[in-house]
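Here the structure is laid out as structure tokens; the discussion comes afterwards.
Since this is a predicted model, take the numbers as computed values, not measurements. Both counts, for ligands and for their atoms, begin at 1 and track the order of listing.
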Amino acid sequence: MITVLKENATKQQRDNLIKWFEAQGLSVHVSKGEYQTVLGLVGDTSRVDDSLVEALDIVERVTRVTESYKAANRKFHPEDTVVSIGDVKIGGGHFAMIAGPCSVESEAQILEVAGKVRASGAALLRGGAFKPRTSPYDFQGMKAEGLELLLKAKKATGMPIVTEIMNAEHLPLFEDVDVLQIGARNMQNFELLKAVGKTDKAILLKRGLANTLKELLMSAEYIMAEGNENVILCERGIRTFETYTRNTLDLSAIPALREKTHLPIVIDPSHATGRASLVEPMALAATAAGADGLMIEVHNDPQNALCDGAQSLTPEQFDEVAAKVMKIREVIG
Ligand code: PEP
Ligand code: MN
């Protein structure tokens with residue numbers, strides 16, 4: 001971190017600031033130019049509040065050389081992380097498709113969808129049991145019973161399951177769940193992030209509706225700082241002024257995150273677009289752009305789905321998308 005002082009800073013003020021940095025365990029390299037003095041801070045600057053320093057009378061500006069996320073940072077961990085979920089691997093050249101309904105609705109529904117998406121090449125089964133709905137009057141999910149049904153589908157198909165956890169107190173119910181999903185609305189629920197960070201389960205961390213990539217990485221850092229490094233990032237569209245699509249899919253998040261982090265990156269074209277007709281092109285584009293996986297909503301009867309029917313593919317449509325995705329994977333090798 002570099003702190004540039006204003007020209008009018010007195011020696012006394014400068015020395016006080018240096019002492020203040022040193023008291024925080026940092027060593028300070030002072031370089032005096034003709035007009036300005038630059039303080040180079042060496043050590044763990046992650047706890048230094050840049051805006052506080054920048055607000056000081058004698059400070060012109062503050063520049064960070066390394067980001068405040070460490071565990072998730074590619075600089076300190078150049079190799080791609082491969083997250084293993086049973087026999088399934090994501091990241092570092094391993095690609096996996098996650099498919100299933102928005103919500104678990106019945107045993108027949110989840111078993112049918114699970115069997116079909118597996119046959120089409122999905123490696124992991126998704127399905128919401130605890131649903132974060134905008135309206136309290138909408139279907140809130142089957143909760144514990146939904147988790148039981150997912151486990152039945154896992155037993156029947158052998159597919160590991162991915163499902164959202166909204167409350168750390170529910171963790172005991174999720175004991176047999178393979179991947180804990182942190183939904184977009186909870187990306188900055190720091191207590192929840194810390195709680196799942198204390199588990200050894202894979203975590204699918206979705207980007208918040210209005211969060212930057214840096215904020216997404218800082219949220220991953222919360223999980224990793226507790227000791228759980230099995231974090232998979234998921235871009236699922238962000239809020240923009242456009243209303244035709246449910247959200248706007250930020251595909252540049254793939255190469256941008258790739259530069260910044262070693263964690264696997266999954267794209268969810270279903271929540272990103274909100275429209276079934278747009279899922280295939282976005283799934284193919286994401287694959288071509290180097291995503292490590294896709295998460296796609298699939299329902300056996302989208303028209304009568306209790307949640308997100310408009311963006312859900314039928315198993316037959318998913319089968320076509322999956323076949324095209326695999327062709328793209330072959331091409332980009
Ligand atoms: C979901 O995956 O069902 C979901 C609610 O997604 P998001 O948190 O991205 O809205
Ligand atoms: Mn959904």
Atom 9 (O) of ligand 1: nearest protein contact (heavy atom, Å)
R236 NE, 2.6 Å
When you measure from atom 8 (O) of ligand 1 to each heavy atom in A184, G127, G141, which option holds the nearest one?
A184
In a check of side-chain contact (heavy atoms from CB on, under 4.5 Å) between V104 and each of L150, L125, T163, L306, which one passes?
L150
Test F130 against L147 for side chain to side chain contact (heavy atoms under 4.5 Å, CB included), laying out the working first.
CA-CA 9 Å; F130 291 85; L147 293 179; 3.9 Å; yes
Would I161 and L171 show up in the same hydrophobic cluster when neighbours are defined by side-chain heavy atoms closer than 4.5 Å?
yes
Output the atom name for the N/O/S atom of D308 with the smallest distance to the Mn ion (ligand 2).
OD2
Output, in order, the C-alpha distance, side-chain angles, deciding distance and verdict of salt bridge (Lys or Arg N to Asp or Glu O under 4.0 Å) for E164 and K206.
CA-CA 10 Å; E164 177 163 355; K206 298 189 97 177; over 6 Å; no
So the atoms of ligand 1 within less than 4.0 Å of a heavy atom of K131 turn out to be 1 (C), 3 (O), 5 (C)
Element-labelled atoms of ligand 1 that are located less than 4.0 Å from some non-hydrogen atom of E297
3 (O)
List every atom of ligand 1 that sits less than 4.0 Å from any heavy atom of G183, numbering the atoms from 1 in the order shown and giving each element.
8 (O)
Under 3.5 Å: N/O of D268 near N/O of ligand 1:
no
Using 2.8 Å as the threshold, say whether any N, O or S atom from H271 sits that close to the Mn ion (ligand 2).
yes
Test applied, side-chain contact (heavy atoms from CB on, under 4.5 Å); reference residue, L205; option that passes from V196, L263, L216:
L216
Which residue and non-hydrogen atom of the protein lie closest to atom 5 (C) of ligand 1, and at what distance in Å?
E164 OE1, 3.8 Å
Would you mind telling me which of V28, D15, V53, L26 makes a side-chain contact (heavy atoms from CB on, under 4.5 Å) with W20?
V53
Of the N, O or S atoms in E297, the one nearest the Mn ion (ligand 2):
OE2
Criterion side chain to side chain contact (heavy atoms under 4.5 Å, CB included) on Q24 and R47, from CA distance to verdict:
CA-CA 9 Å; Q24 298 183 55; R47 292 210 173 89; 5.6 Å; no
Could you find the nearest protein heavy atom to atom 6 (O) of ligand 1 and give me its residue, atom name and distance?
K206 NZ, 2.9 Å
Taking a cutoff of less than 4.0 Å between a non-hydrogen atom of the residue and any ligand atom, is R207 in contact with ligand 1?
no
What protein heavy atom sits nearest atom 4 (C) of ligand 1, and how far away is it?
H271 NE2, 3.4 Å
Could you walk me through whether D268 and R207 pass the salt bridge (Lys or Arg N to Asp or Glu O under 4.0 Å) test, one step at a time?
CA-CA 10 Å; D268 170 352; R207 179 179 183 181; over 6 Å; no
Can you confirm whether more than 12 heavy atoms, excluding those of K6, are under 6.0 Å from its NZ atom?
yes
